[in-house]
Amino acid sequence: MASERHQSIDAQLRLLAPGKVSEDDKLVEYDALLLDRFLDILQDLHGPNLREFVQECYELSAEYDRDHDASKLSELGSKLTGLAPADAILVAGSFSHMLNLTNLAEEVQIAQRRRNKLKRGDFTDEGSALTESDIEETLKRLVTDLGKTKEEVFDALKNQIVELVMTAHPTQSVRRSLLQKYSRIRNCLTELYAKDISADDKKELDEALQREIQAAFRTDEIRRAQPTPQDEMRYGMSYFHETIWKGVPKFLRRVDTALKNIGIDERLPYNVPLIKFSSWMGGDRDGNPRVTPEVTRDVCLLARMMAANLYFSQIEDLMFELSMWRCNDELRARADELLDSASKKTANKHYIEFWRGIPPNEPYRVVLGYVRDKLYNTRERSRHLLTSGFSEITEDLVFTNIEEFLEPLELCYKSLCECGDKIVADGSLLDFLRQVSTFGLSFVKLDIRQESERHTDAIDAITTHLGIGSYKSWPEEKRQEWLLSELQGKRPLLTPDPPTSDEVADVLGCFRVLAELPRDSFGPYIISMATAPSDVPAVELLQRECQIKDPLPVVPLFERLADLRAGPASVERLFSTEWYLKRINGKQQVMVGYSDSGKDAGRLSAAWALYRAQEGMAEVAKKYGVQITFFHGRGGTVGRGGGPTHLAILSQPPNTINGSLRVTIQGEVIEHSFGEEHLCFRTLQRFTAATLEHGMHPPASPKPEWRALMDEVTAVATEEYRSYVFKEPRFVEYFRSATPETEYGRLNIGSRPAKRKPGGGTESLRAIPWIFSWTQTRFHLPVWLGFGAAFNLRHQEGTSGNIQTLKEMYNEWPFFRVTLDLVEMVFAKGDPGIVGFYNDLLVADELKPFGEQLRKNYIDTCSFSCRLLGTRKSLEGDPYLKQRLHLRDPYITTLNVFQAYTLKRIRDPNFKVTLNPPLSNEFADENKPAGLVKLNPASEYGPGLEDTLILTMKGIAAGMQNTG
């Protein structure tokens, strides 16, 4: 029977793909090529038995995905549980690797389709300006279709700023060494299908492709140790070195071209960076005891050292380029002054003779030589402070502020322009000026984040020590009054050595590091779990007490549903205080959290609460004449605010962006946004274009009846969601048995613990493992739970007019359309059959009816979503995405079954299996070394189980294209 059923994976792929989607579609061909090469490698390394076994597993999964016959899952499970430990690791690793290859094929296909559309001048469908946020198309549409003048567009662009913040919880399950190999595979595949490729080139590329696929397969996928915050910082900084550093000036040049094409002859000023970058890596101490004051100090100095090193390298190139002798009088005088001054300082061992080798009649090189040598000292001083805490290089020999760094560069630029060499000035020198304006001396500014309770504890320790009472026990009004009184007064509160706990000492130590290091190293200070207006002045007071001369702006982060609803009142209370209004000088950032709000109330209710909170706070800010910038704490998954960037921005409430936006970029999103040069370019373009369009052509405000409907349905959705997640006593036990939540920490994908507090249930679990666990089982519960109850109830209670209102909202209101489209996409990734399989295998008998109840809720909600959208199945209107998801399904299904049985073996000591003889040639001889497949002797689980489980987690994450 098996031989009759046997087909190649290539043939199966073509059966799964829903027809040829368009003339540009080569996804199946790309995918089949990569998988064929991999299976050949698998056979060469481990023999034909293992290859045949992998193909049989794939075929069983493909049959299940076509007809959803649950017996195929049991048959597949029987095959997988009989594997010897080393074979189990190999099979799990093979399917994980194949999913990553499918992702690469998809990326190449998407890039190819986009190039073909652009060549044809086709901006419809996924290549449209609306979905792609192409900067040139956006500028043209604003002028041509929306009636804006080119001057209005230019002014708006010059005054907008988007800040992208790389966060400290990476959620990137793929090791960096593998990401680099995947990049090379992607490049080989792209070149193989390029036009006019010779036969010899094709042969060499095919060999290179096989080499990279094998190298990736033979690389251990599993992180064997948890990363430190410094590791996370280096991981984030690698993207700046590889793509962002050069991508920024390239993108700004494209903006110049786009402006020229609408009739603006000026270039974008070099000191208008459009995009800036910050980081949480080494500054996010919310629930992470590993982020100490010493870690914060280290990552700041490391970033400054990296920046100086990049500048140093690049300015040496500029010195070779700017060899002209003509210059204006100002530059000539500066060059003469520098040469004269330098000749008097040669006794200083830290002073480099920058003029050596530079002819005196080349003044640009003299001035740039001075900059180069000061950058050298800047780098070395940071390195000394990082390694030993001391440097003999004094501050007068280094750059301490960005204005000092820019001044000689501006002088060179001005001189070139005045001497008829503007075309030269607008080359590498302009690019360099733009890089300096974007990255500064700190490379990326480090945000500091801490939980509000930690500040409360610190101030409570101070007030208790001073004998004026317990701050923690005071009501909110008394806290506000006391904080304001102290901020307006001058008396010190901190004694030289106050008695504190380790936690309080850590909080105060962080503030002292902020006082020690250069101010331009830091962004704002973010208060997570902000619940009351007093949270903000509490941080202001601690900054003052720790001698921070130029305090960081304080940003409340409203996360939970109640805090979002109270956000406008909290902000109004702050702005109504004269001292605080003067302190912020007309500017305030507020962060809104998508992750914890979704965990608190479900995706639908959280989305509406975020929308209304921003509206309310924007109105308060306008009342007090404050420019408010919203900082969106979005994750990669839909459950944590993820989704297409351009649509996310264009669906924000009107008058809430106004040319100023801050957004988190984390985990896989960093790789998908900046992993390649073209991805970096597209990311910068999307954020810039969508922000400009939202400001100049805001989306329509929802009609009153739409608001009333959303208030009504989200109230029902919240009650439904919480009735399961927080009020149902069986829920936590079901969650932990039906998902790999308790095993999540073994992935080592971040430095933070999975929970804010060691004990507690769902409420203490962080949003990332919460979403991760449901994503692994393809249930996606946090996204849809409550959705069906809310809208289905509305539909059942009313007439056809109610459903018509919902359809009107979908067609005319971007916020509502994006919300529903993302839910539809999540349903397309889900599988109730797989959910039922986990339920049957892992859940205790007394909990199974509860699991079936949830699964029925899922099916009913999916069905209603399709009726609302007027489709029979999810993604009926998006054949491209539907095809891509179908191609992944058989791999993911195999890994789901493998994961469920592995969890069963780990958790149930009475679950017995009979192991078959080894499949792989590599393990048939017991005396032969096991190569790279090594059984972890330190694991508390049975042989091979831990690595098998981790590989299934990583593979499913690759297939779902999300971890958390």
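Checked against ring-ring contact (aromatic ring centres under 6.0 Å, His included), Phe53 has no partners two or more places apart in sequence or in another chain. Legend: residues meeting side chain to side chain contact (heavy atoms under 4.5 Å, CB included) with Asn916, ordered by chain and number and at least two apart, are absent. Residues that satisfy the salt bridge (Lys or Arg N to Asp or Glu O under 4.0 Å) test with Lys181, not counting sequence neighbours, are absent from this structure. Residues meeting the side-chain hydrogen bond (donor to acceptor under 3.5 Å, both in side chains) test with Asp831, sequence neighbours left out: Tyr64. Residues meeting the side-chain hydrogen bond (donor to acceptor under 3.5 Å, both in side chains) test with Thr81, sequence neighbours left out: none. With sequence neighbours excluded, the residues that form a salt bridge (Lys or Arg N to Asp or Glu O under 4.0 Å) with Asp845 are Lys848. Partners of Arg905 according to the salt bridge (Lys or Arg N to Asp or Glu O under 4.0 Å) rule, which considers only residues two or more places apart in sequence or in another chain, do not exist here. With sequence neighbours left out, the side-chain hydrogen bond (donor to acceptor under 3.5 Å, both in side chains) criterion links Ser673 to no other residue. With sequence neighbours left out, the side chain to side chain contact (heavy atoms under 4.5 Å, CB included) criterion links Glu733 to Leu847. Residues passing the salt bridge (Lys or Arg N to Asp or Glu O under 4.0 Å) test with Lys727, sequence neighbours excluded: Glu719. Checked against side-chain hydrogen bond (donor to acceptor under 3.5 Å, both in side chains), Asn896 has the following partners two or more places apart in sequence or in another chain: Arg778, Tyr838.
A donor-acceptor distance shorter than 3.5 angstrom exists from the side chain of Thr664 to the backbone of Arg634, with no hydrogens or angles considered. Distance alone, capped at 3.5 Å, places no donor-acceptor pair between the Ser96 side chain and the Gly93 backbone. Side-chain atoms of Thr775 come within 3.5 Å of backbone atoms of Ile771 as a donor-acceptor pair (strictly under, hydrogens ignored). Judged by distance alone, with hydrogens and angles left aside, the side-chain atoms of Asn103 form a donor-acceptor pair with the main-chain N or O of Ala958 at under 3.5 Å. Ser605 places no side-chain N or O within donor-acceptor distance of the main-chain N or O of Gly602, the cut-off being under 3.5 Å. No donor-acceptor distance shorter than 3.5 angstrom exists from the side chain of Ser865 to the backbone of Thr861, with no hydrogens or angles considered. Between the side chain of Asp889 and the backbone N or O of Asp65, no donor-acceptor pair lies under 3.5 Å.
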Pair Glu720, Asn857 - check side chain to side chain donor-acceptor pair (under 3.5 Å), show working.
CA-CA 11 Å; Glu720 167 88 354; Asn857 193 332; 3.0 Å; yes

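Contact detail for Phe95 and Cys57: the closest heavy-atom pair is CZ-CB, 3.8 Å. Scanning all heavy atoms of the two residues, the minimum distance from Glu741 to Arg736 falls at OE1-CG, 3.0 Å. Taking every heavy atom of both residues into account, Val843 and Ser737 meet most closely at CG2-OG, 3.8 Å.
With respect to the salt-bridge test (charged N to carboxylate O, under 4.0 angstrom), the residues Arg730 and Glu846 do not qualify.
In this structure, CD1 in Ile950 is found 11.0 Å from CG in Leu945, a value given to the nearest 0.5 Å. To the nearest 0.5 Å, the span separating CE on Met960 from NZ on Lys829 amounts to 5.5 Å. Distance check: Gln55 CD to Gln43 CD gives 9.0 Å after rounding to the nearest 0.5 Å. Once rounded to the nearest 0.5 Å, the distance linking CG of Leu35 with CG of Leu39 reads 6.5 Å. Note that OG1 of Thr902 is 10.5 Å distant from CD of Glu743, once rounded to the nearest 0.5 Å. Separation of atoms CG (Asn100) and CD1 (Ile185) is listed at 9.0 Å; rounding is to 0.5 Å.
For Tyr724 and Gln853, the side-chain atoms include at least one donor-acceptor pair closer than 3.5 Å. In summary, the side chains of Ser595 and Glu559 do not present any donor paired with an acceptor at a separation below 3.5 Å, with no hydrogens or angles considered. Between the side chains of Ser61 and Thr894, at least one donor N or O lies within less than 3.5 Å of an accepting N or O.
Tyr858 and Trp784 have perpendicular rings, their planes meeting at more than 60° on a 0 to 90° scale where under 30° would count as parallel. Ring planes of Phe38 and Phe217: perpendicular class, angle over 60° (limits at 30 and 60°). Relative orientation of the Trp770 and Tyr721 rings is perpendicular, given thresholds of 30° and 60° on the angle between their planes. The aromatic rings of Phe850 and Tyr734 stand perpendicular to each other, their planes meeting at an angle above 60°, with 30° marking the opposite boundary.
Residue pairs meeting the salt bridge (Lys or Arg N to Asp or Glu O under 4.0 Å) criterion with at least one partner in residues 855-866, sequence neighbours excluded, are Glu852-Arg855, Lys856-Asp860.
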